[in-house]
Every structure is written in C-alpha cells, then in structure tokens.
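Every chain is numbered from 1 and lettered A, B, ... according to where its sequence line falls, protein lines coming before strand lines.
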Amino acid sequence: MAETASNSAPSTTPTAEAPAPQETKKTTEAPVRWADLEDEASEEPSASSEDKGAPELGVENLKIDESKKINKFLDEPEDSNIKAVTAGETPYTSAFTFEELNLSPELLKGLYVEMKFEKPSKIQAISLPMILTPPHLDLIAQAHNGSGKTTCFTLGMLSRVDPNLKAPQALCICPTRELAIQNLEVLRKMGKHTGITSECAIPMDSSNYIPINKRAPVIAQVVIGTPGTIKKWMSAKKLGVSNVKILVFDEADHMLAEDGFKDDSLRIMRDIEKMSSHCQVLLFSATFSDTVKNFVSKIVKRDHNQLFVKKEELSLESVKQYKVNVPDELSKVMVIKDRILEFGERLGQTIIFVRTRNSASMLHKALVEFGYDVTTIQGALNQAERDKIVKEFKDGLTQVLISTDLLARGFDQQQVNLVINYDLPVKHDNRVEPDCEVYLHRIGRAGRFGRKGAVFNLLCGDMDQMIISKIENHFDSKIAEVPDWRNEEDFKAALRSAGLL
DNA sequence: AAAAAAG
C-alpha cells in the first residue's frame with residue numbers, strides 16, 4: 001500500500017519510501033537508549049496525591065538511579081517526577097518494553113528498525129498504556145522538551161487505525177505547517193510497515209492551488225495539519241470525521257490558548273464529537289500555564305487522565321543557560337559573530353530566535369555582510385521557500401538558522417546544540433512581560449533527547465534585565481552570567497561548562 | 001507595531 005501523496009507539500013515532504021536524508025548523516029551516536037538503567041532498586045516514597053482523591057500512578061518506580069548515569073551523554077531527559085492523575089477504575093501499568101503494549105508486529109518493526117528505539121522513554125512508558133487501553137480516555141499530557149511526546153501520540157494514532165477501513169480515523173492538529181510536516185514524516189517512518197495511509201492538511205501554495213470543491217474526498221487514514229485547513233476541509237465535507245476515533249492536539253496549550261488557535265481548535269473538537277460518538281482526545285505539550293491548564297481540563301471529557309510536570313522542574317538540566325549583557329544592538333551582532341559563530345561547526349547547529357520578521361531580516365543582512373552563511377525562516381516566506389530552508393537545515397547543509405517563533409515549538413533537529421535569544425520572548429499584548437512558555441520551548445530546541453546544549457540570552461538595557469529576572473523567578477532557577485561580552489575566554493569557559501567544547 | 005494560521 002502506497003502512502004497517500006501529500007497534496008500540499010508535494011516535493012518537500014519525504015514519503016516513507018524515500019527515507020529522510022539526515023538518516024544517512026547522523027550516524028555517530030548510539031541508538032537512543034531509554035530507561036535502560038533504572039528502576040526497582042531506586043524507589044522513593046511518592047508525593048501524595050492532592051487532587052480529587054484520584055488514584056496516583058506509581059511513576060516513582062521509573063526514577064533513575066542517579067549514581068549510574070554519571071558521564072552518560074544521552075541521559076534520560078525527564079528524570080524528575082511526572083505527576084499522574086488517573087480517572088475511572090482502570091489501573092495502568094507503565095510499559096517497560098514496547099512488547100507490553102500489544103502493538104502489531106508491523107508497528108513494532110517500525111519502532112525498532114525504522115525509528116531505532118529500544119525501550120519506551122519515561123513519558124512513553126507512562127502515557128502509552130493510558131492512550132492504548134480501553135476505554136481510551138482523553139489525556140492531557142505534559143512532558144519535557146525532547147522527551148519523546150511525538151512518539152506517544154503517533155503510536156496512539158497508528159495503533160488505533162483499522163487498516164481495512166479506508167477513511168480518516170485519526171487527526172492531529174499542529175500550530176505550524178513545519179510541525180505538521182515533521183509529524184507526518186515521523187508517522188510515515190514509524191508506520192512504514194503498517195500500510196496505513198496519511199495526508200498533510202496545510203494550505204497549498206498558489207502555484208498548485210486546487211479549489212477545495214474540486215478536490216476528491218480525503219481517504220487517508222491519518223490526517224495531520226494546521227487548524228485553518230483542517231477546518232476548511234471539514235466544512236467543505238471533503239474530510240469526513242464520522243470514523244475519527246482519536247484526535248490529537250500537538251502543542252496543545254498554544255492550540256487552546258486565548259491568543260492562540262482557541263476558536264478553530266474548539267470548533268474542530270466539537271464538530272468531531274458531534275459526528276463521532278466517542279473520539280479520544282489527546283492534548284500534548286511541554287508547557288501548560290495555569291490558566292490554560294485550568295481551561296483544558298474543562299474542555300476534555302469529565303473522565304480523563306492527566307500527566308503534569310512542575311514548572312520548576314521543566315528546564316532541561318543538560319542545556320546550560322547564560323545571559324550576556326551588551327551595551328547596544330550592534331554588539332549583539334558582534335557577540336554572535338565574534339564570540340559564538342567563530343567556533344564554527346564544532347558547536348553543531350545553531351538557531352537564533354528573534355521577535356519580529358523585520359528583526360530577522362535585519363540580522364540576516366548583518367551576518368551575511370560579515371561573510372557568514374546563514375539562512376532565515378519566518379511566516380512571510382512562501383511555502384516553497386520555507387520548505388527549502390527547513391530541508392537544508394535538517395540536511396545539515398546550513399549551520400546557522402535565524403527564526404521567528406515559527407520554529408520555537410516542536411522543531412526537532414538533534415544536531416542543534418546552541419540556541420541564541422537575540423530578542424527575549426515577550427507577550428505580544430504586553431511587551432514588558434516575558435512569555436515563559438515560549439522561552440522554554442525555544443531553549444528546548446537544543447538538547448534534544450538529553451543531548452548537551454547551551455543557550456545565550458543577549459540582553460540590552462534595563463527592560464531585558466527585568467524580563468530575564470522574571471523568567472528566572474518563574475522557573476525558580478538562576479541563569480549564569482557571561483562576565484564580559486568582549487572576552488573570548490568567557491565564552492569558551494561557558495561553552496566548555498556546557499559540554500560543547 | 002506585533003508570531004502564527006487562513007480567508
């Protein structure tokens with residue numbers, strides 16, 4: 001069974017038959033070894049459950065033996081406590097192996113052979129039984145950046161699809177086109193041997209635009225896309241949802257936040273619930289602000305499972321954060337150029353985050369004028385350009401990528417060791433307030449799957465000082481300072497301490 | 001004036 005071609009991102013979305021190009025390049029590291037060290041030995045008393053007297057899962061059994069993981073490059077990224085609150089009477093047992101999950105042999109082959117996984121990560125061990133066990137309760141799941149959330153919901157979708165029913169049965173909604181494409185690539189790779197069909201629902205470029213009413217109805221079994229297009233296909237009746245049994249929101253806090261995609265997301269959720277009697281809803285993100293957490297627990301079904309992490313325990317220990325005080329805008333460029341990019345490829349790939357599209361193109365011009373080979377991505381580019389920039393970066397052809405918050409969430413490129421905040425993330429309606437969720441997502445682009453990484457926050461002026469100290473307070477962690485922005489040795493020391501030199 | 005997505 002061939003994959004359904006992606007209508008919307010035709011040339012750039014690799015199919016399962018054409019393996020992603022980076023497969024051939026990033027071979028140096030050993031396969032990811034999850035949870036291969038811990039467990040029964042290092043039990044500790046669990047914190048008592050405070051909420052609703054609901055039963056608490058024995059997640060403490062998954063705690064890692066700290067003494068055994070010294071000097072280990074690929075650490076378990078989320079060894080702090082994940083707090084589980086389960087509903088109903090269903091007891092869940094964490095899965096220490098994928099075999100315990102009753103997956104099809106085809107799917108297991110995808111996990112071991114294509115994905116090269118050995119064992120479930122912690123969030124996978126806890127959440128997969130909840131996702132896969134009847135009565136398939138809704139789930140709100142928070143877990144650290146780079147800890148393997150995508151695998152949780154991708155496996156959920158693949159294992160709940162009936163291969164004999166040629167109709168949409170699983171839907172996944174993402175905040176950006178890039179994330180939709182990336183998630184589709186993962187799904188096709190993981191599901192390579194299952195024959196399950198999939199399609200990407202993102203807006204098409206004007207060049208290959210086909211009016212929705214002239215298009216054939218969707219028969220792909222899994223549809224992954226952005227909210228506007230999904231909504232459009234649904235209301236044009238080209239995407240039938242009566243067989244949908246699992247609905248996933250990736251970056252769910254943003255998808256359901258007041259200033260995010262709330263209206264579209266809710267509309268999609270309600271329309272599916274109307275057509276499809278019991279559709280399981282999965283909400284995944286690394287962040288849930290208190291407001292959003294409160295809201296999302298109301299919109300899912302009354303009986304649902306929850307996994308949460310305290311915000312103080314959310315920063316990745318493997319990623320060292322720094323602040324750099326500079327006198328003016330130009331010195332930000334100088335720091336990037338002379339103190340960071342000078343190290344070249346030794347540091348791996350770098351993403352520089354800026355606040356605005358304008359800021360992106362200014363910085364781009366400046367660095368290009370200094371002779372650096374950088375690329376820039378932001379939402380004003382057309383889809384073909386966006387795809388090209390992402391592909392070049394994922395293929396390792398470009399070393400330094402400037403981005404707006406377009407790539408702040410979910411973008412997974414394991415070779416990114418360095419994140420630079422050229423502008424700090426701030427709330428769009430109130431620029432003196434930091435956006436702590438976006439901050440966490442940005443720094444999570446480094447240190448994927450427990451790898452080492454460094455973040456440099458470039459600070460200029462009192463406002464930046466205030467914002468960064470609010471971020472420190474929010475996560476209850478102190479960000480180390482690079483003493484002198486002009487001193488090369490200070491940066492060397494910082495990078496060394498981060499494990500990158 | 002300001003990310004993203006889409007009409």
Side-chain angles (χ1 to χ4, degrees), chain A residues 7-9 171-184 200-213 215 223-236 238-239 249-269 271 285 287 289 292 351-364 376-383 385-387 389-390 401-411 419 421-445 463 467:
Chain A
N7 311 24
S8 343
L171 240 59
C172 173
I173 326 274
C174 315
T176 64
R177 303 170 195 186
E178 281 65 26
L179 201 46
I181 293 169
Q182 179 180 286
N183 286 338
L184 192 75
C200 195
I202 62 178
M204 27 222 141
D205 256 350
S206 49
S207 52
N208 49 12
Y209 178 81
I210 306 167
I212 182 67
N213 54 340
R215 297 202 32 196
V223 177
I224 303 182
T226 48
T229 302
I230 300 254
K231 200 177 71 171
K232 186 169 154 187
W233 290 10
M234 281 171 61
S235 56
K238 296 294 184 180
L239 174 56
F249 286 91
D250 194 6
E251 309 297 340
D253 63 322
H254 188 231
M255 304 308 290
L256 292 159
E258 205 67 59
D259 70 338
F261 298 89
K262 192 178 179 186
D263 294 348
D264 283 353
S265 296
L266 284 180
R267 167 88 185 278
I268 291 169
M269 202 186 294
D271 284 356
S285 182
T287 55
S289 74
V292 177
I351 301 181
I352 307 174
F353 283 107
V354 295
R355 190 175 63 87
T356 67
R357 297 171 176 184
N358 222 329
S359 180
S361 51
M362 274 172 26
L363 180 60
H364 181 101
T376 300
I377 186 166
Q378 37 103 335
L381 303 180
N382 68 40
Q383 194 58 42
E385 291 171 313
R386 289 167 64 157
D387 289 348
I389 305 286
V390 168
L401 179 57
I402 301 168
S403 176
T404 57
D405 282 326
L406 172 66
L407 290 190
R409 285 172 175 265
F411 183 72
V419 165
N421 281 325
Y422 184 87
D423 302 309
L424 291 174
V426 290
K427 294 252 198 291
H428 286 98
D429 54 357
N430 183 3
R431 277 202 234 153
V432 304
E433 286 298 319
D435 191 323
C436 293
E437 282 70 39
V438 171
Y439 180 83
L440 194 89
H441 284 281
R442 282 186 182 184
I443 69 174
R445 294 321 98 209
M463 187 71 84
I467 292 168

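No side-chain donor from either of A:Ser285 and A:His254 sits under 3.5 Å from a side-chain acceptor of the other.
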B/S/- contact track for nucleotides 2-7 of chain B, protein heavy atom under 4.0 Å:
BBSBSS
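Counting heavy atoms from C-beta on, the side chains of A:Leu406 and A:Arg386 come closer than 4.5 Å.
Listed by chain and number, the residues in a side chain to side chain contact (heavy atoms under 4.5 Å, CB included) with A:Ala252 are A:Phe249, A:Leu283, A:Phe288 (sequence neighbours excluded).
Electrostatic pairing of A:Asp253 and A:Arg409 counts as a salt bridge here, judged by a charged N lying under 4.0 Å from a carboxylate O.
Exactly one residue among A:Asp263, A:Asp264, A:Leu266 makes a side-chain contact (heavy atoms from CB on, under 4.5 Å) with A:Pro227. That residue is A:Asp264.
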